[in-house]
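We count ligands from 1, going down the list as the structure has it; atoms in each ligand are counted the same way. Since this is a predicted model, take the numbers as computed values, not measurements. The residues of the chain are indexed from 1 along the displayed sequence.
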Amino acid sequence: MSSSQPRSVLIVGAGLAGSLLAIYLARQGCKVLVCERRDDPRRAGYTGGRSINLALSARGLWGLAGVGLDRHVLDHDAIPMPGRMAHPPSINAPLAFQPYSKDPRDAINSVSRGGLNITLLNAAEREPNVTIRFGLRCTDVDLDRNSAIFETSTGQFVHESADLIAGADGAYSPVRYRLQKNDRFDYSQTYLQHGYKELCIPAGPNAAHAIEKNALHIWPRGGSMMIALPNRDGSFTCTLFWPFQGDHSFEALEGALADRRRAAAPNDPLPQPTDAERQAVVGFFSRHYPDAVPLMPTLADDFFANPTGSLVTVRCSPWRHVNRDGTAVVILGDAAHAIVPFYGQGMNCAFEDCRALAELLAARGLTDLDDTLAEFERIRKPNADAIADMALDNFVEMRDKVGRAEFLYRKRVEQAIHDLFPDRVFPQYNLVSFSTVPYTEARRRGRELDQFLDRIIPQLPMSAAPAMPDADWRARVHAIAESEWRKQPA
Ligand SMILES: Cc1cc2nc3c(=O)[nH]c(=O)nc-3n(C[C@H](O)[C@H](O)[C@H](O)COP(=O)(O)OP(=O)(O)OC[C@H]3O[C@@H](n4cnc5c(N)ncnc54)[C@H](O)[C@@H]3O)c2cc1C
C-alpha cells in the first residue's frame with residue numbers, strides 16, 4: 001500500500017465506537033465503509049438490548065469534541081447528574097444525596113444509547129466518503145486478504161476488503177475471535193456472578209420526572225442493587241444488578257418460569273408467568289425497594305419480559321494484526337476491552353480509543369500501520385486494564401458501601417481534603433469521570449489517596465464530627481492532613 005493510493009477503511013459495527021470512528025477517519029480523507037449486523041435503527045427503531053441510557057462523562061465528551069459533537073449531545077440528549085441519590089431499604093428513612101464532587105458543575109450525563117447512536121450515524125452519513133450498510137453480519141475475517149466476510153439477511157455471503165479493518169463490533173467481537181486464533185494471542189474473559197435486567201419508571205403527568213431528575217438513583221442492598229438514570233421524556237431506566245443464583249437472585253424469581261419455558265415443546269405457546277409468580281415479584285420489590293414499587297406500574301410485566309444480561313470483562317492482546325503488504329486489522333472499544341458498567345466508563349473509554357487512534361493515524365498516515373497500531377495499543381491497553389479493575393472495584397462500592405454511614409463519612413473527608421488542597425488531592429472518581437488524565441494515573445492517585453485516608457480517618461472520628469462540615473472541623477482536617485504529609489518522605 002502506498003500513500004498515493006486511496007486509503008480505505010472497513011469498520012465492522014456501527015455502534016457507538018464504530019460510528020464515531022467513521023466520522024474521524026472520513027475527515028482525514030479515508031474512504032470508509034461501515035458494516036453493521038443490525039437493521040438501521042433510524043428505520044427499525046432502536047433495539048439495543050442493553051441499558052437504554054448511559055452515563056457520558058469527560059472522556060466520552062473529549063471523544064465527541066474531536067468531531068464537534070460534544071455540545072450538541074449535551075444540549076439535545078443529556079441530563080446532568082451531579083450526584084447519587086441513595087434510597088434506603090426503609091420507606092421512612094430519608095433519601096441521601098451524595099454529590100460526586102465539591103464542584104457542583106461536575107456532573108455525569110444521562111444520555112439515551114439509541115439517541116446517541118443515531119446522532120453519530122447521521123453525522124457519519126453527512127460525510128461524503130462514508131457508506132454505512134446495515135443487515136450485514138460479520139462471520140469471519142480473512143487475515144491474508146485483509147477482508148471481512150459478511151452474511152446478509154437473505155443468507156448470501158459478501159467479502160469486503162480494505163487497507164485497514166477496524167473491529168468495533170462489541171464485547172463478543174467476531175473480528176477479535178479471528179485474531180484469537182493467531183499464535184501468542186493472549187485472551188481472558190471473566191463473567192460476574194451478577195447479571196442485569198432493565199425496568200422502567202414511567203413519566204408522570206406532563207412528562208414530569210417522578211423522582212429527582214438530576215441524580216443517579218441507587219438502591220444499594222449489600223450483594224445487589226438497583227439503579228435508575230433519568231431520560232428526557234420524563235421516564236427513568238432502572239437496572240437491577242443481582243446475582244444469578246442464591247438469595248435476592250434472578251433465579252429465585254424467574255427460575256421456575258425459565259424451567260417451564262425450557263421444557264415446552266417448540267410448537268407450544270410460550271409459558272407465561274403465573275399470578276403467584278407476578279405477585280412474588282411485586283412482594284419482593286415491596287420488601288427491598290419499597291419507595292420504587294408505586295412508581296413502577298408495569299414492574300411484573302417488565303421483569304418477566306425483559307432479558308437478563310450477563311456482565312463480562314474481556315482482556316486481550318495484541319489488538320492488531322499487520323500483514324506484510326502493510327494492510328492491517330485493529331480492534332477497539334468493547335471488542336478490545338469489555339468492562340463491567342459500574343464506573344459508567346465502557347462507552348467513555350471506547351470514545352477515547354476512537355480519538356486516540358484517529359489522532360495517531362492523522363499524525364502518521366495509513367502507510368506505517370505496524371508502528372501506528374503498536375503505539376495505539378501501547379497507549380491504550382494499560383488504561384483499558386486500569387479502568388477494567390476500577391470498574392470491578394466500584395461494584396462493591398455501589399452495591400454495598402454507598403448505604404453505609406462510615407463510607408459516606410470517608411467520602412466527606414475525601415471531598416474536604418480535595419477542597420482544602422485542590423492542587424494536591426483529586427479523588428479517583430473525579431479523575432475518572434471529570435478529567436481525561438490516563439486511567440492508570442487515576443488508579444495510582446486513587447490508591448495513594450485511599451492509603452492517606454486510612455491514616456487520617458482514625459484521627460478524625462466520625463462520632464466527633466459535626467452533622468455538617470463547619471470551619472472548626474475543616475481546620476482540623478487541614479491540620480491533620482498537613483501533619484501526615486510532613487511525616488512522608490519527600
Ligand atoms: C448494563 C450496561 C450499562 C452500561 N452503562 C454504561 C455507562 O453508563 N457509561 C458508559 O460509558 N458505558 C456503559 N456501558 C458500556 C457500553 O455499553 C459499552 O462500553 C459501549 O457500548 C461500547 O461501544 P462499542 O461500540 O465498542 O460496542 P457496542 O456498543 O456493543 O457496538 C458494537 C456494534 O457492533 C455490532 N456488531 C456486533 N457483532 C457484529 C457482527 N458480527 N457483524 C457486524 N456488526 C456487529 C453491534 O450490533 C453493535 O452495533 C454499559 C454496558 C452495560 C451492559
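Between P88 and L95, the closest side-chain pair of non-hydrogen atoms falls below 4.5 Å.
Nearest to atom 15 (C) of ligand 1 by heavy atom, out of G346, S57, C35, G309, is G346. Of all the listed residues (R137, R133, R113, K197), R113 holds the heavy atom that lies closest to atom 17 (O) of ligand 1. By heavy-atom distance, the residue among F134, Y196, Y172, F150 lying nearest atom 1 (C) of ligand 1 is Y196.
Of all atoms in ligand 1, listed by their number and element, those nearer than 4.0 Å to a heavy atom of G344 are 7 (C), 8 (O), 9 (N), 10 (C), 11 (O). Near G333, with a cut-off below 4.0 Å to any heavy atom, the atoms of ligand 1 are 26 (O). Applying the 4.0 Å criterion to heavy atoms of A168 picks out, from ligand 1, the atoms 32 (C), 33 (C), 34 (O). Listed by number with element, the atoms of ligand 1 under 4.0 Å from a non-hydrogen atom of Q345 are 9 (N), 10 (C), 11 (O).
Considering backbone and side-chain N/O of A14, none are found under 3.5 Å from N/O of ligand 1. Polar contact with ligand 1: absent for T239 (N/O pair, distance under 3.5 Å). Residue contacts with ligand 1: L332 is placed with no nitrogen or oxygen under 3.5 Å of a nitrogen or oxygen of the ligand (distance criterion only). For ligand 1, none of its N or O atoms has an N or O atom of L54 under 3.5 Å away. Between N348 and ligand 1, at least one pair of N/O atoms sits closer than 3.5 Å. Backbone and side-chain nitrogen or oxygen atoms of A17 are examined, and one is located within less than 3.5 angstrom of a nitrogen or oxygen of ligand 1.
Contact annotation: E198 has no heavy atom less than 4.0 Å from any atom of ligand 1. No heavy atom of I339 sits closer than 4.0 Å to any atom of ligand 1.
Counting non-hydrogen atoms of other residues, nucleotides and ligands closer than 6.0 Å to CZ of R145 gives a total of 12 or fewer.
Remark: R380 fails to qualify as a cation-pi partner of W319 under the 6.0 Å distance and 45° angle criteria applied to the six-membered ring. Within the cation-pi definition used here (under 6.0 Å to the ring centroid, within 45° of the axis), R278 does not qualify as a partner of F303.
Between H194 and F244, the distance from one ring center to the other does not fall under 6.0 angstrom.
Both the backbone and the side chain of A55 come within contact range of ligand 1, each with a heavy atom under 4.0 Å. Under 4.0 angstrom from ligand 1, the non-hydrogen atoms of L136 all belong to its backbone. Within the 4.0 Å heavy-atom criterion, the part of P174 lying near ligand 1 is the side chain and not the backbone.
T440 and N383 form a side-chain donor-acceptor contact under 3.5 Å, judged by distance and modelled atom types alone.
Summarising the geometry of C349 relative to H337, their closest heavy-atom pair is SG-CE1, 3.5 Å, with the distance given to 0.1 Å.
Using a cutoff of 4.0 Å between basic side-chain nitrogens and carboxylate oxygens, E377 and R320 are scored as salt-bridged.
Contacts classified as ring pair (Phe, Tyr, Trp, His ring centres under 6.0 Å) and involving residues 97-153 (residues at least two apart or in different chains) are given here: Y100-Y429.
For the side-chain hydrogen bond (donor to acceptor under 3.5 Å, both in side chains) with E414, the lone residue among R410, H418, K411 that qualifies is K411.
Residues passing the ring pair (Phe, Tyr, Trp, His ring centres under 6.0 Å) test with H87 are H217, W219, sequence neighbours excluded.
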